[in-house]
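Notes for the one structure printed next.
Fair warning: this is a prediction, and the values are worked out from it, not measured in the lab.
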Amino acid sequence: MKRISGSRRAFTAGTLSLAAVLAGGLVAATPAAAQNYPSKPITIVVPFPAGGTTDILARIVGQGLSKELGQPVVIDNRGGAGGNIGGALAAKAPADGYTLFMGTVGTNAINAALYKKMPFDHIKDFQPLSRVAMVPNLLVAHPAQPFKTVKELIAYAKANPGKLNFASSGNGTSIHLSGELFKTMAGVDMVHVPYKGSAPAVTDLIGGQVAIMFDNMPSAIQHVRTGKLKPIAVTTAKRSPELPDVPTIAEAGVPGYDATSWFGLFTTAGTPAPVVAKVHGALMKVLADAEVKKQIAGQGGEPIAEKPEQFAQFIAAETAKWAKVVKASGASLD
């Protein structure tokens, strides 16, 4: 773990104060750092393979940042270990603003409770910039599966305990825990099949190797529209405007069910304040762009733009929320 300036103080349990965020990289740096930045290409580390939601959003944002900052933005896909491989790479990168990280609810909230040993500290090692999007997960099935509704799926799973499997983009991801939450609340026995990203999981789902998946909507919606996958329900409390005829899991048979994925941009903790401010300013312009908003919404996501301290406070709340879900599910990984 890298050292930050001596003025940085430890975060109190369950909170991320504005003062702590500022001490993590938004103060005490020379204006020259921002004036010369960026003078070379910028990398966005994506902790999952190409083709999944994290990758899709990173490419949308990366293209915009390249225009705003005047330098190429390279996407570096580093999948594996529920996002921890890419997270560790980004966390240990030089604190100069040239390595950004497209984090997720998994890498920057869930994994800390799920994994017994983490290769990075999701709070201390990263400087939050802003959420990029809130995304519902979509419960989809291979068209050949004998159920079309949540109630029919539950009935089938109860009649065939342990025979129905569900794919995910990796252990500890929101896709995985959406399934675990469903198992707990619906009282069914399903087998989890983890992959190293959403794209390979969806490929096997389309091929019939697995039965269902609680996939992020951006990587699943295109296959629903072409008929390759069968939509069952969305995981959020409200229906998605992109699929208004698809019910929520809560209204379709599991009252109270609600699981939402989020994705946000980070840089390495200790990055000079002027550089953080410059990247954040560019990101706000990108997220305010009408075409970018349209692209994110077209993928089933809700665009989000916020201040670093707001994002930090959100992460604190999400960390506490998902720790409870992980504990209730009994899930634990080495």
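Distance check, rounded to the nearest 0.5 Å: OH of Y115 to CD1 of I110 gives 10.5 Å. Atom CG in L177 sits 8.5 Å away from atom CG in N111 (nearest 0.5 Å). A distance of 8.5 Å separates NE2 of H142 from CD1 of I206, quoted to the nearest 0.5 Å. For the atom pair OG1 of T107 and CZ of F120, the computed distance is 6.0 Å after rounding to the nearest 0.5 Å. In this structure, T54 OG1 and M102 CE are separated by 8.0 Å, a value rounded to the nearest 0.5 Å. Between the CD1 atom of I212 and the CD1 atom of I232 there is a distance of 8.0 Å, given to the nearest 0.5 Å.
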Applying side chain to side chain contact (heavy atoms under 4.5 Å, CB included), run through N108 and T104 and close with a yes or a no.
CA-CA 6 Å; N108 292 80; T104 72; 5.6 Å; no
Step by step, would you call T236 with T260 a side chain to side chain donor-acceptor pair (under 3.5 Å)?
CA-CA 6 Å; T236 43; T260 305; 5.5 Å; no
Using side chain to side chain contact (heavy atoms under 4.5 Å, CB included), reason through L139 and L153 one step at a time and then give a plain yes or no.
CA-CA 11 Å; L139 172 54; L153 188 158; 4.0 Å; yes
Let's go through V224 and V140 carefully: what are the C-alpha distance in whole Å and the side-chain angles of both, what is the deciding distance for side chain to side chain contact (heavy atoms under 4.5 Å, CB included) to 0.1 Å, and is it a yes or a no?
CA-CA 8 Å; V224 168; V140 287; 3.8 Å; yes
For a side chain to side chain contact (heavy atoms under 4.5 Å, CB included) check, start with the C-alpha distance between M284 and S130, then their side-chain angles and the critical distance, and finish with the verdict.
CA-CA 8 Å; M284 292 300 96; S130 173; 3.6 Å; yes
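Between A133 and L57, the shortest heavy-atom distance links the atoms CB-CD1, 4.1 Å. In plain terms, the two heavy atoms of L243 and L138 that are nearest each other are CD1-CD2, 3.8 Å. Closest heavy-atom contact between L69 and A282: CD2-CB, 3.7 Å. Of all non-hydrogen atoms in E242 and G298, the two that sit nearest each other are OE1-O, 4.0 Å. Of all non-hydrogen atoms in A199 and G52, the two that sit nearest each other are CB-N, 4.2 Å. The minimum heavy-atom distance linking P200 with K196 is given by the pair CG-C, 4.3 Å.
Contacts classified as salt bridge (charged side-chain N to carboxylate O under 4.0 Å, His left out) and involving residues 244-260 (residues at least two apart or in different chains) are given here: R239-E251.
In this structure the side chain of L205 never reaches within 4.5 angstrom of the side chain of K228, judged on heavy atoms. A 4.5 Å side-chain heavy-atom check between I42 and V74 finds every atom pair outside the cut-off. Two residues are said to be in side-chain contact when any heavy atoms from C-beta on lie closer than 4.5 Å; V105 and W322 meet this criterion. Counting heavy atoms from C-beta on, the side chains of M213 and F166 never come closer than 4.5 Å. At least one side-chain heavy atom of K116 sits less than 4.5 Å from a side-chain heavy atom of S332. Using a 4.5 Å heavy-atom cutoff, the side chains of W262 and V132 are not in contact. The closest side-chain heavy-atom distance from S174 to N216 is below 4.5 Å. Between V286 and E68 the shortest side-chain heavy-atom distance falls below 4.5 Å.
Between the side chain of N165 and the backbone N or O of A211, at least one donor-acceptor pair lies under 3.5 Å. Side-chain atoms of K278 come within 3.5 Å of backbone atoms of Y37 as a donor-acceptor pair (strictly under, hydrogens ignored). At distances below 3.5 Å, not a single donor-acceptor pair connects side-chain atoms of Y257 with backbone N or O atoms of T248. When atom types are taken as modelled, the side chain of S66 and the backbone of G62 share no donor-acceptor pair closer than 3.5 angstrom.
Under the 3.5 Å distance criterion, with hydrogens and angles disregarded, a donor-acceptor pair is assigned to the side chains of S169 and T173. Inspection of the T43 and T99 side chains reveals no N or O donor paired with an N or O acceptor under 3.5 Å. S168 and H192 share a donor-acceptor pair across their side chains, judged by distance under 3.5 Å alone. A donor-acceptor pair shorter than 3.5 Å cannot be found between the side chains of D215 and N137.
For the pair K40 and Y98, the cation-pi test (distance below 6.0 Å, angle within 45°) is passed. Annotation: cation-pi pair K230/F147 present, NZ/CZ under 6.0 Å from the ring centroid and within 45° of its normal. Geometrically, R131 engages F314 in a cation-pi contact, judged by NZ or CZ lying under 6.0 Å from the ring centre and within 45° of the ring axis.
If you chain together hydrophobic residues whose side chains sit under 4.5 Å apart, F48 and L265 never meet in one group. I85 and V46 are not part of a single hydrophobic cluster, where members link through side-chain heavy atoms under 4.5 Å apart.
Residue Q209 qualifies as enclosed at atom CD: its count of foreign heavy atoms under 6.0 Å is above 12. Heavy-atom contacts from other residues, nucleotides or ligands closer than 6.0 Å to NZ of K321 number more than 12.
Partners of F182 by ring-ring contact (aromatic ring centres under 6.0 Å, His included), not counting sequence neighbours, listed by chain and number: F214.
Using a 4.0 Å cut-off between charged nitrogen and carboxylate oxygen, K285 and D289 do not count as a salt-bridge pair.
Taking the six-membered ring where tryptophan is involved, the planes of F311 and F266 are tilted, since the angle between them lies from 30° to 60°.
The one candidate from T271, V276, V279 that meets the side-chain contact (heavy atoms from CB on, under 4.5 Å) condition with Q127 is V276.
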